[in-house]
Structure formats: C-alpha cells, structure tokens
Amino acid sequence: MAAENASLVTEFILSGLTDRPGLQLPLFFLFLGFYLVTVVGNLGMITLIGLNSHLHIPMYFFLFNLSFIDLSFSTTVTPKMLRTFVSKRNIISYAGCVTQFFFFCFFVFSESFILSAMAYDRYVAICKPLLYTVTMSPQMCLSLLLGVYGMGTWGAVSHIGHIMFLTFCADNLINHYMCDIIPFLELACNSSYVNLLVVFFIVAVGIGLPIVTIFISYGFILSSILHISSMEGRSKAFSTCSSHIMAVSLFFGSGAFMYLKPPSVLPLGQGKVSSLFYTIVVPMLNPLIYSLRNKDVKLALKKSLDRITFVWKRKTRD
C-alpha cells in the first residue's frame, strides 16, 4: 500500500538554497569554487598517500579513505545544488531523489565512523606505542574499514527503509537544495511524531556511537599525555591529534546542530543553511587541515613536486 501511494508522486522539485534572483549567480560561482577546491584537495591527498610509500601506515590509510568519502560525499550533493542556481525549474525524479539520499546517508555515516576509527588509531599510537604495529595490523585496519562502510550501509538502508513507509500524495516541493529526511517528513501525508523518533534514533546511533568512541579514546589519550614529563613530548603528542580534533569538531558539531534538534527549534529554512557547513565546507576543509598541519604530508607534497619538476626539466632538455 505504501509503495502504491508513494507512486502518486513521481518527481520532486528542489527549491534550492535561496529564491532571490540577484544571489543565484554569485552563489553558483562561490560554491563551484568550493567544489573545485574540494575535488583538487581530496584527489591530491589520495594521490599523495598512494604514491608515497612512507605514508603507507594505518594513520594515512584511514586518511586516504576519509578523503575518498569527502570527495564522494561532496559529489553526491554539490553538482545538483549548483544546478538549482542556474535552472528555472529544478526537477528530480522520485528514484533520483531516493538514490541521492541513499548515497548521502551512506557517506555521512561512513565519515562518522572513519573519524572514530582514526581516533582509535591515535589512542593506540599514543597510549600503546610499543604494541602499535601489532595492534594496528593490516588485518585490523581492514576490519575497521569494513566496519566503517558496513555502518554506512546500515545507516543508508535504515533511512531508505523508513522512507518506503512514507506516502507522498500531492505536494512535491522539497524546501531544500538536496533530498534529505526532514524535507521528506514535511511532505509525507502520513508523517507523525513516531517518524521523527525513528529518524532521531538512526541519527543518534550514527553520531552517538562514533562520538562515544572518540571521547573514550581521547580520554585515555589525555591521561597518557598528562603523564608525559617533558613539555616537548606533550607538545608532540598533542600535535599528532590536533588535525583530527579539528576535523571531528567541524563534522560532528555541524551535523548535531542540524539533526539532533527538533524542527520547532531549528526551522528548515535555517537548517538548510546550516547543513551547507557539513555538506560543502567540511569536505573542502579536511584536506587543507591535514595538509597544512602535517609535516609528513608536506614532505610528501614537496617530494612529489620535486619529482614532477625533475621529469619536466628532463623532457624539456630532451
């Protein structure tokens, strides 16, 4: 019955970020610039880690996957959003909307858990340095990665399964620049308080479990750092975690602000503006955070540039 009712609406219209004509073109070029930086930054990080053997360690294995997730996450949302700035009528099919939402959920949940896996890696590196190689073995890293993408799949399937029980009877205007669960609930004919509780539960698991893991990991890390006698040792330990702490704060802070508040506290019009932060800005900032604050990445970048320069000079001589 739900599937039959859902078929009454075969397409949706995305309202976009703003309906002010004077802002459409400037916002298009602004977010196009953001997207290009995101693509270049994350592809650059993936390439650097792949080509430099001294970065083939667990920390950069997870960073490689974080960059892949960020790139895919941004690509799921941004191109469609850019189209809303230059098209008069932004139509997306029901199947297309559900597909975008599936991958959106998959990469959001995957990013949550890859950040928690990175926190565990830092915990082992600082609290159990002598056992680091044994604990963070290739088999362990692969198991953690399977868990990351497994939870991403669980989050996406759970949300999609929830949508399958919603019916859309008449109104098909989504007050957003992408297909998301809160606009779906606003359009559904049979949406109720129970639906909001289901969404809250799924999101709480996707955000809550990684946050608990991260807090526990950093609790042990802080305890270990405070037992280090030298200031130089403490500073070095803190520096290995600073980039990750910034990435965690940006992602979970903006995500919790959007989804862990009832719609009455955060109206959807404001919510779609705040969601820009974790869908557009965070994937762009992560490679910058890890490259500007990481000596190993800077060294790998320098070696790669020197290699390219050497090859180019050799070709010009020939």
Side-chain angles (χ1 to χ4, degrees), residues 6 12 14 35 38-39 41-43 45-46 61-81 92-119 141-166 174 176-185 195 198-211 213-214 247-248 250-252 254-256 258-260 271-272 275-287:
F12 294 102
L14 297 172
Y35 182 60
T38 301
V39 171
N42 285 290
L43 277 180
M45 187 67 71
I46 290 170
F61 171 76
F62 293 121
L63 182 54
F64 179 97
N65 282 277
L66 176 64
S67 294
F68 167 75
I69 291 169
D70 278 335
L71 176 62
S72 304
F73 182 24
S74 182
T75 301
T76 300
V77 175
T78 310
K80 188 64 180 177
M81 185 191 73
I92 183 171
S93 67
Y94 177 85
C97 202
V98 171
T99 301
Q100 185 194 50
F101 181 59
F102 175 87
F103 285 106
F104 167 75
C105 292
F106 175 77
F107 291 117
V108 166
F109 277 74
S110 296
E111 179 140 356
S112 298
F113 283 91
I114 197 73
L115 289 172
S116 66
M118 294 171 77
C141 291
L142 182 59
S143 297
L144 288 172
L145 189 64
L146 289 175
V148 166
Y149 291 123
M151 290 306 296
T153 303
W154 173 83
V157 171
S158 298
H159 271 309
I160 293 299
H162 182 209
I163 288 176
M164 293 298 104
F165 288 97
L166 298 176
I174 295 179
H176 214 300
Y177 56 84
M178 65 178 182
C179 298
D180 201 358
I181 188 63
I182 302 301
F184 273 135
L185 292 180
N195 296 106
V198 172
V199 171
F200 183 86
F201 171 75
I202 296 172
V203 174
V205 171
I207 292 180
L209 283 179
I211 285 180
T213 303
I214 290 168
V248 165
L250 289 171
F251 180 76
F252 284 108
S254 56
M258 175 65 187
Y259 290 104
L260 296 184
K272 65 180 179 180
S275 66
L276 284 172
F277 201 74
Y278 70 91
T279 57
I280 307 295
V281 178
V282 170
M284 178 186 68
L285 290 181
N286 277 344

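Heads up: numbering here begins at 1 and tracks the sequence.
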So [Y] and [X], do their side chains get closer than 4.5 Å, heavy atoms only?
| X | Y | answer |
| --- | --- | --- |
| V98 | I160 | yes |
| L276 | M81 | yes |
| F252 | P210 | yes |
| F109 | H159 | yes |
| V157 | F102 | yes |

| task | Under the ring pair (Phe, Tyr, Trp, His ring centres under 6.0 Å) rule, collect the residues that match up with F73, sequence neighbours excluded. | result | F104
| request: Please name all residues satisfying ring pair (Phe, Tyr, Trp, His ring centres under 6.0 Å) with F68, sequence neighbours left out, ordered by chain then number. | output: none
Could you tell me which non-hydrogen atom of [X] sits nearest to which non-hydrogen atom of [Y], and how far apart they are?
| X | Y | result |
| --- | --- | --- |
| S93 | G96 | OG-N, 2.9 Å |
| L71 | T75 | O-OG1, 2.8 Å |
| Y177 | S275 | OH-OG, 3.0 Å |
| C105 | A156 | CB-CA, 3.6 Å |
| Y278 | P283 | O-CD, 3.5 Å |
| V108 | F251 | O-CZ, 3.7 Å |

Partner of [X] under side chain to side chain contact (heavy atoms under 4.5 Å, CB included), chosen from [options]:
| X | options | value |
| --- | --- | --- |
| F107 | T279, T76, D70 | T76 |
| L185 | L166, V198, D180 | L166 |
| N65 | L145, I46, V148 | L145 |

| request: Would you list the pairs meeting side chain to side chain donor-acceptor pair (under 3.5 Å) in which at least one residue belongs to residues 99-117, sequence neighbours left out? | output: E111-N286
Give, for atom [atom1] of [X] and atom [atom2] of [Y], the distance between the pair rounded to the nearest 0.5 Å.
| X | Y | atom1 | atom2 | answer |
| --- | --- | --- | --- | --- |
| T213 | L115 | OG1 | CG | 11.5 Å |
| I214 | F113 | CD1 | CZ | 9.5 Å |
| C97 | I92 | SG | CD1 | 4.5 Å |
| F106 | M151 | CZ | CE | 12.0 Å |
| M178 | I280 | CE | CD1 | 8.5 Å |
| L66 | M45 | CG | CE | 8.5 Å |

